[in-house]
Amino acid sequence: MALLIILIICFVIILASSQPCQTPDDFVTATSPGHIMIGGLFAIHEKMLSSDDYPRRPEIQKCVGFDISIFLHTLAMIHSIEMINNSTLLSGVKLGYEIYDTCTDVTVTMAAALRFLSKFNCSREIVELKCDYSSYMPRVKAVIGAGYSEITMAVSRMLNLQLMPQVSYESTAEILSDKIRFPSFLRTVPSDFYQTKAMVHLIQKSGWNWIGIITTDDDYGRLALNTFAIQTAANNVCIAFKEVIPAFLSDNTIEVRINQALEKIIAEAQVNVIVVFLRQFHVFNLFNKAIERNVNKTWIASDIWSTATKITTIPNIKRIGKIVGFTFTRGNMSSFHSFLQNLHLFPSDNNKPLNEYAMLLSACAHVKDSDLSQCISNHSQGTLTYKANKDIERNFSLRNDFLWDYTEPGFVHSIQLAVFALGYAVQDLCQAQDCQNPNAFQPWEQIQSKCSKECSPGQMKKTTKSQHICCYECVDCPENHYSNQTDMDHCLLCNNETHWAPVRSTVCFEKEVEYLSWNDSLAILLMALSLLGIMFVLAIGIIFTRNLNTPVVKSSGGLTVCYVILLCHFLNFANTGFFVGEPQDFTCKTRQTLFGVSFTLCISCILMKSLKILLAFSFDPKLQNFLKCLYKPIPIIFTCTGIQVVICTLWVILAAPTVEENVSLPRVIILECEEGSVLAFGTMLGYIAILAFICFIFAFKGRKLPENYNEAKFITFGMLIYFIAWIIFIPVYATTFGKYLPAVEIIVILISNYGILCCMFFPKCYVILCKQETNTKSAFLKMIYSYSSHSAGSLAMSHVSLDSTNSNIPMTNPSPGGKSAAWQKSKDLEEQVFGRICRENATSISKTLPRKRISSI
């Protein structure tokens with residue numbers, strides 16, 4: 001390889017005096033000085049002029065066939081460099097350029113590449129042979145081009161020797177993406193993989209499955225054909241024929257091969273769609289001949305010629321059929337348009353293409369705009385002498401729109417991106433060194449340099465307001481997103497149901513499963529309170545059992561009723577354990593139904609006690625008769641509890657509570673019991689509330705009963721505590737979220753339980769333990785006698801008032817000396833009632849009213 005390079009250098013640099021290229025400087029197409037030099041490779045001419053079928057001497061021939069489109073590409077590079085120099089991007093540092101005409105020939109391009117690699121600021125044009133080029137300083141820092149993939153591959157292999165950055169604006173061959181073979185190659189256009197994929201997608205969606213394809217006989221055409229064939233096979237599209245045409249115009253067989261391709265197209269009459277991977281001059285010749293033969297097809301254009309104005313100027317082009325093409329992204333063209341409008345003012349020194357264009361305009365000065373392209377093409381096949389004069393400058397100004405009409409926005413934008421990418425790379429390198437010194441950095445360092453710093457894993461690229469895709473900001477991935485590679489365009493979303501990720505994460509983490517566990521401090525506190533409640537229940541049961549025959553226990557309804565109520569409290573305290581720990585289907589179903597049934601049974605027993613107290617101490621005959629009819633303890637308790645059993649049974653059968661994973665929180669999965677039916681849950685609680693309200697009404701009616709044994713007053717307080725707890729529970733339960741939701745229900749159950757337990761049993765225990773003198777039969781009878789006497793007196797007074805009202809006897813101004821007959825009558829009645837109460841309370845065997853009340857209480 002090294003020997004080959006040396007031989008090429010010798011042949012290129014030590015040239016014979018008879019050849020058109022006298023010195024290497026004559027080989028340069030356009031140049032401008034600068035602190036940092038950028039090379040350019042553009043096929044401004046279509047071919048080299050040669051009279052022989054193959055080269056006879058190792059000399060570079062003159063190039064002919066001026067290509068206006070590529071000339072515009074050259075101007076786009078020059079304009080982009082001027083934009084950078086006139087901006088603040090490289091403050092104090094000027095970019096220069098050396099542009100070479102490749103003449104669409106690999107050999108000429110290799111000669112230009114050798115000059116790029118030659119040693120900087122050396123009196124002789126030499127390329128030193130080294131084992132390590134890390135400190136080597138070549139003539140240019142980077143290369144823009146070439147356009148055609150075949151030429152780009154050859155140049156890239158040579159530039160790889162020094163890892164000189166090569167940025168192509170047009171080469172789309174997929175193989176160029178291989179960083180092992182082309183480590184210093186970059187491009188501002190996508191590879192053919194995406195173009196062929198889009199073509200096949202278009203063909204499939206259009207319902208076509210029988211197509212033809214025409215490509216060039218070079219690396220670009222063959223690689224595009226192979227990629228396209230793979231894509232079509234995967235999408236059930238068949239290729240009827242494949243025609244290959246020589247890649248370069250210097251091949252004398254090109255006309256023959258084009259005719260053969262047309263013959264194949266005509267022969268395959270059923271093929272109406274042709275995919276064309278050709279260059280512009282190939283398509284120009286193909287379509288001219290196709291129009292002559294009246295070939296009308298649907299042509300799918302590759303990006304290399306889809307926007308070529310030269311094709312649209314072919315006479316009768318509409319007879320060719322429909323053309324569907326793919327092109328590159330366009331950018332803002334206003335600045336380039338202004339540059340073209342003032343091109344006649346741009347210095348033409350050291351710019352051979354600009355001078356040649358001016359010369360061709362002069363030669364075609366009297367040709368119409370529609371024929372100007374063909375005129376330039378015809379005149380550029382020979383040799384013209386350039387003479388600067390005022391007429392040429394006037395032709396420039398008159399033909400400004402001609403160049404604009406031939407501009408291909410996609411390619412111009414790609415060239416601008418390539419130049420600005422290098423500009424930003426230089427800016428990055430020049431931040432820590434003086435780039436006015438050409439030796440400030442080596443070309444390979446730009447490979448490590450970018451317009452923007454590399455985005456690390458956990459970040460993504462965010463395009464800035466600049467039009468350049470290479471310039472971006474690095475932003476952190478938001479929560480629940482991650483990126484695991486550098487320079488990712490977007491962050492990946494985690495599976496929100498099972499995983500999460502913090503800000504700037506490189507991986508997704510599994511969500512932790514949470515629930516109210518036994519180790520939680522709040523759960524421990526609540527369970528301690530439940531155990532304390534159970535101990536209270538057991539202690540009360542023992543106290544009542546040991547004092548079974550005392551008036552306090554008997555007045556509580558006996559041991560059976562007390563045991564039932566205490567059992568309900570015990571179950572409710574124990575039931576709180578089902579709200580703690582990992583939820584299971586069994587615990588979810590059990591905890592609500594057990595609470596509903598046991599609490600309903602408790603309230604039903606208290607309801608009967610309230611009714612019994614009201615019945616025992618009621619002196620109103622009408623109310624007493626009603627309460628006697630209503631008071632059926634066992635049927636009412638079974639009925640009230642049975643209704644709740646039915647509600648809970650239907651709930652469990654039709655919409656049972658189940659375990660559910662709540663994944664709405666960002667970092668955890670809440671394992672909770674889903675109640676199944678909010679209606680059933682509400683019905684269960686509502687039914688208990690109705691029974692508690694009825695119990696409250698009955699107890700409130702008997703709130704003024706004997707002080708020492710007044711259960712009604714404490715039942716009233718217990719029901720009030722229950723109502724307050726559950727009224728607060730509803731909004732708190734509805735707004736609480738997370739693993740502590742079961743704790744809210746535990747708390748309200750404990751409050752309800754403790755409220756009723758304390759109000760109903762603690763006062764009795766206090767009397768039994770601390771006021772034993774009041775817990776005797778005689779003390780109890782004395783209290784009853786006192787209350788009964790007071791109640792009877794009140795009843796007598798109410799009768800007197802009623803009689804006096806009905807008799808219309810004046811009650812004002814009574815005579816001091818005597819009493820009315822009505823007043824005397826009421827007094828007698830009162831004495832009779834009090835006497836009766838005293839007598840009946842004095843004897844234990846009488847079955848009068850006070851005796852009945854004593855036994856019932």
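Here the structure is a predicted model, which means the values were calculated and not measured.
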Ring centre gap for Phe595 and Phe579 strictly below 6.0 Å: no
Mutual orientation of the aromatic rings belonging to Phe729 and Trp726 [parallel < 30°, tilted 30-60°, perpendicular > 60°]: perpendicular
Donor-acceptor under 3.5 Å (Ser483 side chain, Gly458 main chain): yes
Residues forming a salt bridge (charged side-chain N to carboxylate O under 4.0 Å, His left out) with Glu479, sequence neighbours excluded: Arg667
Non-hydrogen atoms of Leu750 and Leu526 that approach each other most closely: CD1-O, 3.9 Å
Over all atoms of both residues, closest heavy-atom pair of Pro657 and Lys589: O-CG, 3.6 Å
CD (Glu582) with more than 12 external heavy atoms under 6.0 Å: yes
Ile756 versus Gly718, closest heavy-atom pair with distance: CG1-O, 4.1 Å
Aromatic centroids of Phe573 and Tyr754 separated by under 6.0 Å: yes
Close aromatic pair by centroid cut-off 6.0 Å: Tyr563 and Phe544: no
Thr576 side, atom OG1; Leu531 side, atom CG - distance, nearest 0.5 Å: 8.0 Å
Derivation of the disulfide bond (SG atoms under 2.5 Å apart) call for Cys494 and Cys508: CA-CA 6 Å; Cys494 297; Cys508 289; 1.9 Å; yes
Non-hydrogen atoms of Thr498 and Ile669 that approach each other most closely: CA-CD1, 4.3 Å
Aromatic plane relationship, Phe714 with Phe717 - under 30° parallel, 30 to 60° tilted, over 60° perpendicular: perpendicular
Tyr733 atom OH, over 12 foreign heavy atoms within 6.0 Å: yes
Non-neighbouring partners of Asn575 that pass side-chain hydrogen bond (donor to acceptor under 3.5 Å, both in side chains), sequence neighbours left out: none
Criterion disulfide bond (SG atoms under 2.5 Å apart) on Cys474 and Cys455, from CA distance to verdict: CA-CA 5 Å; Cys474 293; Cys455 293; 2.0 Å; yes
Qualifying residues under salt bridge (charged side-chain N to carboxylate O under 4.0 Å, His left out), relative to Lys739, sequence neighbours excluded: Asp520
Heavy-atom neighbours of Ile634 CD1 exceed 12 at 6.0 Å: no
Can you give each donor-acceptor pair under 3.5 Å made by side-chain atoms of residues 635-652, sequence neighbours left out, with the distance rounded to 0.1 Å?
from: Thr639; atom 1: OG1; to: Pro635; atom 2: O; distance (Å): 2.6
from: Thr641; atom 1: OG1; to: Ile637; atom 2: O; distance (Å): 2.8
from: Gln644; atom 1: NE2; to: Thr600; atom 2: OG1; distance (Å): 2.9
from: Gln644; atom 1: NE2; to: Met684; atom 2: O; distance (Å): 3.3
from: Thr649; atom 1: OG1; to: Val645; atom 2: O; distance (Å): 2.6
from: Trp651; atom 1: NE1; to: Ala655; atom 2: O; distance (Å): 3.1
from: Trp651; atom 1: NE1; to: Glu675; atom 2: O; distance (Å): 3.0

Any donor-acceptor N or O pair under 3.5 Å, side chains Ser456, Gln459: yes
Atom pair CG/OG of Leu671 and Ser517 - distance to nearest 0.5 Å: 12.0 Å
Close side-chain approach of His481 and His490, heavy atoms under 4.5 Å: no
Minimum heavy-atom distance between Asn480 and Pro666, given as atom pair plus value: OD1-O, 3.8 Å
4.5 Å side-chain heavy-atom contact, Leu532 and Phe536: yes
Under the side-chain hydrogen bond (donor to acceptor under 3.5 Å, both in side chains) test, residues paired with Glu672 that sit two or more places apart: Asn662
Those residues that, when tested against Asp585, pass side-chain hydrogen bond (donor to acceptor under 3.5 Å, both in side chains) (two or more places apart): none
Euclidean distance, Glu473 CD relative to Lys461 NZ, rounded to 0.5 Å: 13.0 Å
CZ (Phe762) with more than 12 external heavy atoms under 6.0 Å: yes
Nearest heavy-atom neighbours spanning Ala725 and Val748: O-CG2, 3.3 Å
N/O donor-acceptor pair under 3.5 Å between Lys764 side chain and Ile540 backbone: no
Distance (rounded to the nearest 0.5 Å) between Cys758 SG and Asn753 CG: 10.0 Å
